[in-house]
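The analysis underlying the following values was restricted to heavy atoms, covering all of them including side chains, and did not include hydrogens, waters or symmetry mates. Here the structure is a predicted model, which is why all the values come from computation and not from measurement. Order of the sequence lines sets the chain letters (A, B, ...), proteins ahead of strands, with each chain counted from 1.
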Amino acid sequence: MNTDEAPGKDFIRHIVAADVEEGRHSGRVQTRFPPEPNGYLHIGHAKAICLDFDIAQEFGGQCYMRFDDTNPEKEDIEYVEAIQKDVRWLGYDWGDRLAHASDYFQELHNFAINLIESGKAYVDSLSAEEIRTLRGTLTESGKNSPYRNRSVNENLRLFSAMEQGEFEEGEHVLRAKIDMASPNLNLRDPTLYRIRKITHQRTGDKWCIYPMYDFAHTLSDALEGTTHSFCTLEFEDHRPLYEWFLENLPVPHSPRQIEFSRFNLMFTVMSKRKLAQLVDEGHVQGWDDPRMPTLSGMRRRGYTAASIRDFIGRIGITKKENVIELGALENCIREELNDTAPRRFAVLKPLKVVISNYPDDGEEWLEAANHPNRPELGFRQVPLCREIYIERDDFEEDPPGKFRRLSPGVEVRLRYAYIIKCEDVIKDPSGEIIELHCSYDPSTRSGTGQGQRKVKGTIHWVSAKHAFCSEVRLYDRLFASPYPDRGADNFKQHLNPDSLEVLVDAALEPALAQAQPEERFQFERQGYFMIDAELSDTNQLVFTRTVTLRNSWAKMEHQALQKFGTAG
RNA sequence: UGGGGGAUCGUCUAGUGGUAGGACAGCGGACUCUGACUCCGCUAGCGGGGGUUCGAAUCCCUCUCCCCCAGCCA
């Protein structure tokens, strides 16, 4: 097979293309992204957002941004604003097509009257418990409510009284009259309206009856002229109800609902309820905590919108349950940042090195490439003097076999500078290594073509005198288990206690002092980092690690530990 | 035990009666002043059993396993 071929379209695009070809809806394509403003958007929503907006665009149609705000109890303007910000950030523009289910409350109400008048809806005065009992079970059919055969006039009168606020919450509901014996529970006279005496964030106190999801969502789609209504699998058996509304009401358009599977990410949870719990109970510092799978959290972590869209494109659309490896996501941001991020030196866990044969007051500035594979990005100067910092992990007194770093008597290259050799290890009384004494070979300066001998390895470093100290935050997966919400135990038991490591005395090269918010860097041999604008101020910069570099050495170490146990 | 869905390399995903392909991961190698990047190579899959057919992931039968549904949430 030809590898140049474009990847196959997903099943939804096949369906839409076929509909267009057959001239349904006059070839028009219109979609909508319908979030409920009861929480922040997460990476799972990105799949729906991309699907809704991309398909509309691909077929020359339009996509509405519509808030499904039919439950004032849970919804809040804070979420409405955050959601819009996140969708825009992802790169989508709904133009003037911003809508709310609440914009349609009057029309929805008219549809309800219509159903009552045609004998297809009735006011039920049973309690919630009684309704549940009469609904039956998965295997037993339900029973009709004693109020099911009220006259049209009585239903009209009661519904009007509900609307006028003459009843308390829970006294009555409006139900569709469909089939209490249906094997599909959604068709056993579903509730259409309930009484809620709560101020709505948009309509205020105008209404005290609010439509239920199935009713409001279907008819909002129909009123807007949606042609294709995408949603996740759990709504699959709501489709017959969706279609029942379309068939039994004088709707201007008949959209088609198509379901796809949500996606799940290993080492994380993806339900708004659970994410809200992490926020409320203080396991994270907010919806935008860089460990959260929310779009705002990932943005703060350093993910770009392009990398998220790239990721969504790669995981595809199917109806199969799926759990995606974290590496697949990380790969997307690494790929982008490897290409675009300027390189810098940062010593995260410093160990002082004295270059004993370097002049006491000596100082020189060396040229270091901003990007080794992209010379057009130029160079910056890094200072060297007699005392420098290297990474503590880059020295081992008794190194394992394949260690390609510094150890006693061994030579390594200071990247973009000289070859040094470890002559002496200085320890404090407790035996902890506090300083290294090294000699350097002045003939081996980088770029001179001299001193090209093979050494053990190349390490990064920062001049002690010129270093500026910064806080660096190393974020890791929020959960220690790949499937935190599988099994009977509480998902919070799987929280990773090491998901955040705060380093307060990282030594950064001077050029980093000019770092701007949004600028991303590769700290060589470490990973990709960005300023956390929330935590930084003029006195103190705080850098956040977006993702580590791929690290085959760490992998080897990990495998060795697995093999020989973790003791010692 | 009712109804609705789903099963293709470790993980995602193509395939629509004609050599099971791609991505990520993994393994091996080359390169390397980042144990990065890049490049080369390799490993690895149609849930089981029948049937139709010259030929089946694809069509038929059957079995198994997994997910969703009993809110006045969405």
For B/rG26, glycosidic torsion class - syn if within 90° of 0, otherwise anti: anti
Shortest side-chain distance from A/N322, nucleotide among B/rU11, B/rC12, B/rG15: B/rC12
Nearest-Å distance for atom pair NZ/P, residues A/K319 and B/rA14: 13 Å
A/E411: salt bridge (charged side-chain N to carboxylate O under 4.0 Å, His left out) partners, not counting sequence neighbours: A/R453
Annotated protein contacts, base or backbone, on nucleotides 69-74 of chain B with a non-hydrogen cut-off under 4.0 Å, one of B, S, - each: BBSBBB
Sugar-phosphate only, base, or nothing, as touched by A/V455 at under 4.0 Å among non-hydrogen atoms: nothing
RNA chain B: stems of at least 3 consecutive Watson-Crick or G-U pairs whose donor-acceptor distances fall under 3.5 Å: B:2-7 with B:64-69, B:10-13 with B:21-24, B:26-30 with B:38-42, B:47-51 with B:59-63
Side chain A/S307, main chain A/T304, donor-acceptor under 3.5 Å: yes
Aromatic ring proximity A/Y416/A/H460, centre distance under 6.0 Å: no
Sugar-phosphate only, base, or nothing, as touched by A/G313 at under 4.0 Å among non-hydrogen atoms: nothing
Residue-phosphate contact under 4.0 Å: A/T458 side-chain N/O, B/rU34 OP1/OP2: no
Check: A/Q526 side chain, B/rU34 base, donor-acceptor under 3.5 Å: no
Minimum-distance nucleotide (side-chain atoms of A/E325 versus B/rA14, B/rC12, B/rA25): B/rA25
Main-chain N/O of A/R445 paired to A/T448 side chain as donor or acceptor, under 3.5 Å: yes
Sugar-phosphate, base or nothing in reach of A/E140, heavy atoms under 4.0 Å: nothing
Counterpart residues, salt bridge (charged side-chain N to carboxylate O under 4.0 Å, His left out), relative to A/K143 (two or more places apart): none
Residues forming a side-chain contact (heavy atoms from CB on, under 4.5 Å) with A/A128, sequence neighbours excluded: none
All pairs passing ring pair (Phe, Tyr, Trp, His ring centres under 6.0 Å) where residues 125-148 of chain A contributes a residue, at least two apart: none
Rounded distance (Å) that lies between atom P of B/rG4 and atom CD of A/E321: 18 Å
Residue pairs, two or more places apart or on separate chains, that pass salt bridge (charged side-chain N to carboxylate O under 4.0 Å, His left out) and touch residues 310-319 of chain A: A/E236-A/K319, A/E259-A/K319, A/D310-A/R314, A/R314-A/E335
Residue whose nearest RNA chain B nucleotide is more 5′ - A/D10 or A/N373: A/D10
Derivation and outcome, ring pair (Phe, Tyr, Trp, His ring centres under 6.0 Å), residues A/F235 and A/H217: CA-CA 12 Å; A/F235 294 104; A/H217 186 263; 7.3 Å; no
Given B/rA14, B/rA23, B/rG15, the nucleotide with the shortest approach to the side chain of A/R314: B/rA23
Span that lies between the C1' atom of B/rU58 and that of B/rG15, in whole angstrom: 8 Å
Nearest-Å distance once atom C1' is located in both B/rU32 and B/rG47: 45 Å
Touch class at under 4.0 angstrom, heavy-atom based, for A/F260 against every strand present: nothing
Where at least one partner belongs to residues 340-350 of chain A, residue pairs that pass salt bridge (charged side-chain N to carboxylate O under 4.0 Å, His left out), sequence neighbours excluded: A/K349-A/E501
P spacing across the pair B/rA70 / B/rC65, given as an integer number of angstrom: 23 Å
Enclosure of A/K274 NZ (heavy-atom neighbours >12, cutoff 6.0 Å): yes
Touch class at under 4.0 angstrom, heavy-atom based, for A/P240 against every strand present: nothing
Rounded P spacing from B/rG4 to B/rU13 in Å: 24 Å
5′-ward residue of the pair A/P372/A/G327 relative to RNA chain B: A/G327
Atom C1', compared across B/rA23 and B/rU53: separation rounded to whole Å: 34 Å
With sequence neighbours excluded, residues passing side-chain contact (heavy atoms from CB on, under 4.5 Å) with A/R256: A/I15, A/D19, A/R24, A/I258
B/rG6 and B/rU38, which share atom name C1', separated by this distance in whole Å: 40 Å
Sugar-phosphate only, base, or nothing, as touched by A/R405 at under 4.0 Å among non-hydrogen atoms: base
Gap in Å between the two C1' atoms, one belonging to B/rG45 and one to B/rA14, rounded: 13 Å
Within residues 549-556 of chain A: residues closer than 4.0 Å to RNA chain B (heavy atoms): A/L549, A/R550, A/N551, A/S552, A/W553, A/K555
A/K320 vs B/rU8: side-chain N/O to OP1/OP2 distance below 4.0 Å: yes
Pairing residues for A/A121 by the side-chain contact (heavy atoms from CB on, under 4.5 Å) criterion, not counting sequence neighbours: A/L115, A/I116, A/L174, A/L192
Rounded distance in Å - CZ (A/R525) to P (B/rU32): 18 Å
With sequence neighbours excluded, residues passing side-chain contact (heavy atoms from CB on, under 4.5 Å) with A/P190: A/A176, A/I178, A/L241
Rounded P spacing from B/rC42 to B/rC66 in Å: 38 Å
Any A/H558 side-chain nitrogen or oxygen under 4.0 Å from OP1 or OP2 of B/rG26: no
Separation of atom CZ in A/R415 from atom P in B/rA36, rounded to whole Å: 13 Å
Nucleotide nearest A/Q559 (side chain, heavy atoms from C-beta), chosen from B/rA14, B/rC27, B/rC12: B/rC27
